[in-house]
Novice: 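The structure that follows is given in the form of C-alpha cells.
Just so it is clear, the model here is predicted, and its values are computed rather than measured.
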Amino acid sequence: QVQLVESGGGLVQAGGSLRLSCAASGNIFSISHMSWYRQAPGKQRELVAQIFSSGNTNYGDSVKGRFTISRDNAKNTLHLQMNSLKPEDTAVYYCNVFGKIYADRYTLRNYWGQGTQVTVSS
C-alpha cells in the first residue's frame, strides 16, 4: 500500500505564506497525478490544485495566482506553496495520490493523507 504524510500546516496571518508537503511511501511502483484538496467546516471537500506526471497543473479558481503546486518524482513528494493567504483559505488540506503498487502494477489506486490544518487569521 501507499502511505501519505502531510506536513507544513499551521496558523498564519492573512497575507502570509505557508508551504505544505506530502511524502508518499510504501510499495510504490508508479505515481500518476497528485493533488491537494481542502475541506472547511460545514463545506464539501474541494480541489485546490493537481499536478500530472507530465508536469501539467490545474488549480481551483479561488487559488489561481496565489498557490503553486509542485512535485519531486524522485522523492515521491508533493508540495503546495501558498502565498497571499486569506481567512477563507482556512481548512484541512489533504494530499491525494493516484498510484500503482508493485504487488499489482495494473491497478491505479486512490490514496488520501490524514490532512493538515491551515488556519489563516484576519
Side-chain angles (χ1 to χ4, degrees):
Q1 296 300 317
V2 176
Q3 295 79 42
L4 302 177
V5 177
E6 299 106 333
S7 61
L11 174 64
V12 65
Q13 288 188 334
S17 298
L18 283 175
R19 180 177 171 86
L20 304 183
S21 295
C22 172
S25 62
N27 196 23
I28 301 170
F29 173 69
S30 67
I31 292 180
S32 177
H33 56 285
M34 309 176 79
S35 306
W36 288 100
Y37 284 79
R38 68 185 182 187
Q39 188 167 19
K43 294 187 177 181
Q44 290 188 331
R45 192 171 296 190
E46 64 173 352
L47 175 68
V48 176
Q50 63 187 178
I51 184 167
F52 299 89
S53 55
S54 62
N56 290 340
T57 58
N58 183 38
Y59 293 92
D61 288 340
S62 62
V63 307
K64 285 181 181 177
R66 299 188 297 123
F67 291 10
T68 302
I69 190 171
S70 61
R71 63 190 283 177
D72 184 332
N73 293 325
K75 297 181 179 180
N76 288 331
T77 57
L78 178 68
H79 304 285
L80 185 69
Q81 179 66 43
M82 305 186 294
N83 298 329
S84 302
L85 282 161
K86 305 175 181 180
E88 50 264 44
D89 294 318
T90 296
V92 177
Y93 284 70
Y94 296 91
C95 175
N96 175 260
V97 167
F98 277 83
K100 299 177 181 179
I101 58 175
Y102 277 103
D104 183 0
R105 303 182 186 185
Y106 301 102
T107 302
L108 193 63
R109 302 173 190 270
N110 189 20
Y111 300 95
W112 289 92
Q114 292 188 327
T116 184
Q117 176 70 46
V118 171
T119 302
V120 184
S121 63
S122 57

Novice: Supply the atom-to-atom distance Leu108 CG to Lys100 NZ, rounded to the nearest 0.5 angstrom.
Specialist: 6.0 Å

Novice: Is there a path of hydrophobic side-chain contacts, each under 4.5 Å between heavy atoms, that joins Tyr37 and Val118?
Specialist: no

Novice: How long is the span from the CD atom in Glu46 to the CD atom in Gln39, to the nearest 0.5 Å?
Specialist: 9.5 Å

Novice: Between atom CD of Gln81 and atom OG of Ser21, what is the distance when rounded to the nearest 0.5 Å?
Specialist: 9.5 Å

Novice: Are Val92 and Leu78 connected in a single hydrophobic cluster, I mean Ile/Leu/Val/Met/Phe/Trp/Tyr linked by side-chain heavy atoms less than 4.5 Å apart?
Specialist: no

Novice: Mind checking the CG-CD spacing from Asn27 to Gln3? Nearest 0.5 Å is all I need.
Specialist: 9.0 Å

Novice: Between Asn58 and Leu47, does the side-chain contact (heavy atoms from CB on, under 4.5 Å) criterion hold? Intermediate values first, please.
Specialist: CA-CA 9 Å; Asn58 183 38; Leu47 175 68; 3.9 Å; yes

Novice: Might you point out which heavy atoms bring Thr77 and Ala23 nearest each other, and give the distance in Å?
Specialist: CG2-CA, 4.2 Å

Novice: Apply ring-ring contact (aromatic ring centres under 6.0 Å, His included) to Tyr111 and list each qualifying residue two or more places apart in sequence or on a separate chain.
Specialist: none

Novice: Shortest non-hydrogen contact from Ala24 to Val2?
Specialist: CB-CG1, 4.3 Å

Novice: Report yes if some heavy atom in the side chain of Arg109 is under 4.5 Å from a heavy atom in the side chain of Asp104; otherwise report no.
Specialist: yes

Novice: Work out which heavy atom in Ser62 is nearest to a heavy atom in Arg38; give both atom names and the distance.
Specialist: OG-NH2, 3.1 Å

Novice: Please evaluate residues Cys95 and Trp36 with respect to the criterion side-chain contact (heavy atoms from CB on, under 4.5 Å), reporting the C-alpha separation (whole Å), side-chain torsions for both, the decisive distance (0.1 Å), and the verdict.
Specialist: CA-CA 5 Å; Cys95 175; Trp36 288 100; 4.1 Å; yes

Novice: I need the Ser30 OG to Arg105 CZ distance, nearest 0.5 Å.
Specialist: 9.5 Å

Novice: Taking the side chain as C-beta and beyond, is there a heavy-atom pair between Leu20 and Glu6 under 4.5 Å?
Specialist: no

Novice: Taking a hydrophobic cluster as the set of Ile, Leu, Val, Met, Phe, Trp and Tyr residues connected by side-chain heavy atoms closer than 4.5 Å, whether directly or through intermediates, do Tyr94 and Leu80 fall within one such cluster?
Specialist: no

Novice: Looking at Ser70 and Ile51, what are the two nearest heavy atoms and their distance?
Specialist: CA-CD1, 4.1 Å

Novice: In terms of hydrophobic clustering (I, L, V, M, F, W, Y; side-chain heavy atoms under 4.5 Å; direct or indirect links), are Val97 and Ile69 co-clustered?
Specialist: yes

Novice: Is any NZ, NE, NH1 or NH2 atom of the basic residue among Asp89 and Lys86 found under 4.0 Å from an Asp or Glu carboxylate oxygen of the other?
Specialist: no

Novice: More than 12 foreign heavy atoms under 6.0 Å from CD of Gln114: is that the case here?
Specialist: no

Novice: Would you call Asn96 and Trp112 a side-chain contact if the rule is heavy atoms closer than 4.5 Å?
Specialist: yes

Novice: Distance from Ser35 atom OG to Phe52 atom CZ, nearest 0.5 Å?
Specialist: 6.5 Å

Novice: If you group Ile, Leu, Val, Met, Phe, Trp and Tyr by side-chain heavy-atom gaps below 4.5 Å, do Ile28 and Ile101 land in one group?
Specialist: yes

Novice: List the atom of Tyr59, the atom of Ala49, and the distance in Å for their closest heavy-atom pair.
Specialist: CD2-CB, 3.5 Å

Novice: Under 4.5 Å between any side-chain heavy atoms of Met82 and Val120, yes or no?
Specialist: no

Novice: Could you label the plane-to-plane angle of the Tyr93 and Phe67 rings as parallel, tilted or perpendicular, counting under 30° as parallel and over 60° as perpendicular?
Specialist: tilted

Novice: How close do Ala14 and Ser122 get, heavy atom to heavy atom, and via which atoms?
Specialist: CB-CA, 4.4 Å

